[in-house]
Protein chains: 2
Amino acid sequence: MGNTTCTCEYCQLKNIFFAHVKSDELTNICDLKVERSYSKGESIIQEGDPITEFVYMKKGLVKLSKASIDGKDQIISFSKPFDFVSLLSVFSSTQYKYSVTAIEQTTVCILQLDVVRKYAEENALFAMDMMSNISQMTDKIILDNLEIKRKHLKGRIAHVLLYFSDYIYKKDEFELPISRREIAEYIGMTTENVIRTLSEFRKDEIIKIFGKNILISDKKRLKSISEFG
Amino acid sequence: MGNTTCTCEYCQLKNIFFAHVKSDELTNICDLKVERSYSKGESIIQEGDPITEFVYMKKGLVKLSKASIDGKDQIISFSKPFDFVSLLSVFSSTQYKYSVTAIEQTTVCILQLDVVRKYAEENALFAMDMMSNISQMTDKIILDNLEIKRKHLKGRIAHVLLYFSDYIYKKDEFELPISRREIAEYIGMTTENVIRTLSEFRKDEIIKIFGKNILISDKKRLKSISEFG
DNA sequence: AACCTTCTATGATAATTATCAGAGAGTAAT
DNA sequence: ATTACTCTCTGATAATTATCATAGAAGGTT
């Protein structure tokens with residue numbers, strides 16, 4: 001984990017989070033902001049941590065997960081640049097109810113929560129922007145989980161592959177940022193069956209597998225499996 | 001569906017939604033507000049409807065559901081008094097992505113969305129309260145769905161029974177507001193297996209069933225099934 | 001290098017869940 | 001009263017998914 005600084009003036013995030021924050025205020029925010037980097041596997045937020053910061057993604061990819069009673073982890077969702085990662089609980093609880101872990105080299109920007117609160121209370125348009133952002137993210141999580149829920153094993157695996165291919169990497173060939181076990185934790189199936197299904201897709205020449213590298217060679221079929229299988 | 005009016009001054013909702021709205025403004029809001037009643041089964045919001053109103057629960061119980069490609073409905077969650085029902089999408093989309101239907105005699109309060117927006121933009125504390133409310137609700141939906149996901153059929157049914165018993169009705173004996181099929185749509189299982197499992201619980205003397213009326217006679221066991229079964 | 005752990009992989013078997021079929025009860029409409 | 005629903009219920013069987021066992025590959029540590 002390392003800290004660096006940057007000038008927010010030229011950051012893409014500005015237009016998303018701080019569109020309604022005046023230029024001089026932004027400079028102020030910029031001074032108060034901390035940037036942190038995490039390498040793959042590092043923990044960014046631990047379930048139970050007090051919520052004192054407002055964290056958003058600048059670069060990389062993270063997973064949001066929660067430990068269940070029986071010790072197993074469940075993955076809630078993934079977050080990419082311009083997403084909040086402290087979106088759940090941040091305005092409704094004092095402690096995180098889930099963990100955030102880097103699954104790729106990741107950089108986040110951090111503001112103290114009371115600073116964000118102060119700006120939100122003074123600048124309602126900023127508060128509205130934030131609300132809209134949080135709303136969009138939680139919508140996505142809820143509707144994505146609903147999609148997964150209605151599918152069978154094969155459809156769920158297809159869904160995950162398409163998620164990374166179309167939504168995250170926008171390429172047909174990519175390196176899976178998570179293990180087979182983590183896919184299982186995301187879709188609510190066993191690791192063995194995830195592996196088995198991927199092998200099956202390989203045998204059926206829908207995908208090619210080189211370790212963690214996946215090449216989707218028949219996307220049409222994969223989409224059809226995702227929708228109806 | 002019927003319209004009535006009430007004085008907001010004495011409404012319990014005031015303390016939840018409008019804690020930071022001044023008394024004279026509240027009178028103003030009260031005048032702009034419409035109250036609507038729906039009987040069991042009536043549709044309150046239809047998937048695809050344009051979002052022009054801000055709807056919150058005053059009395060009763062509703063289900064939030066979404067039709068999937070194959071025509072089947074999936075139930076996302078239930079909302080009870082003091083919940084927003086237009087919580088998803090309301091600040092992030094122009095159209096509803098889910099339907100809301102009364103599953104009990106229900107009364108909702110309705111404000112035009114632009115009125116709410118106006119107040120939120122003028123009164124940041126009100127905006128923050130709203131954000132906190134929406135956040136709490138979406139948190140609950142996400143975490144509840146996660147709980148259901150990690151459980152097997154029996155655990156899921158136990159979970160649903162405890163949800164209505166402990167969270168909605170706060171009684172061990174209650175009338176199930178939804179059909180077996182709707183339970184299936186909520187937990188992602190088939191209607192037959194929902195019925196079968198309820199019968200099993202009855203045979204094991206965990207619950208008593210009189211049509212839609214349920215009496216939980218061994219809550220300890222039901223809780224254990226919910227957690228580990 | 002030797003050791004340990006996790007990950008990927010596959011097969012056999014057991015458990016869980018879905019599907020199909022049939023039937024009675026309740027409800028609403030004509 | 002009859003028809004046409006949907007809902008509840010049960011059994012038999014098929015399909016899906018989990019569990020258990022085993023093993024090689026990969027990565028990290030001492």
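Everything numeric here is computed off the predicted structure, so don't read it as measured data. Both backbone and side-chain heavy atoms feed into the values below; hydrogens, waters and symmetry mates do not. All chains are named by letter (A, B, ...) in the order of the sequence lines, taking the proteins before the strands, and each is independently numbered beginning at 1.
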Kindly indicate whether the side chain of Ile209(A), heavy atoms from C-beta on, has any atom under 4.5 Å from the side chain of Ile214(A). yes
Measuring only between side-chain heavy atoms, which start at C-beta, is Met137(A) closer than 4.5 Å to Phe84(A)? yes
Before we go on, tell me: are the rings of Phe78(B) and Tyr186(B) under 6.0 Å apart, centre to centre? yes
Roughly, in whole Å, what's the span from CD1 in Ile103(A) to P in dC7(C)? 14 Å
To the nearest 10°, give me the bend of the helix from dA1(C)-dT30(D) to dT30(C)-dA1(D), comparing the axes of its five terminal pairs at either end. 50°
Could you tell me if Asn213(B) and Lys208(B) have a donor-acceptor pair between their side chains, going purely by distance under 3.5 Å? no
Under 3.5 Å, is there a donor on one side chain and an acceptor on the other for Lys63(A) and Ser79(A)? no
In this structure, how many angstroms lie between the P atom of dC7(C) and the CG atom of Asn213(A), rounded? 17 Å
Exercise: do Thr106(A) and Lys59(A) side chains pair donor with acceptor under 3.5 Å: no
Measure from CD on Glu175(A) to C1' on dC7(C) and round the result to the nearest Å. 14 Å
Distance in angstrom units between Lys40(A) NZ and dC7(C) P, rounded: 11 Å
Kindly assign one of parallel, tilted or perpendicular to the pair Tyr98(B) and Tyr96(B), based on the angle between their ring planes and the thresholds 30° and 60°. perpendicular
Do other residues, nucleotides or ligands put more than 12 heavy atoms under 6.0 Å from Lys40(A) NZ? yes
Base-contact (B) and sugar-phosphate-only (S) positions in nucleotides 4-18 of chain D, heavy-atom cut-off under 4.0 Å, - elsewhere: ---SBBBBB----SB
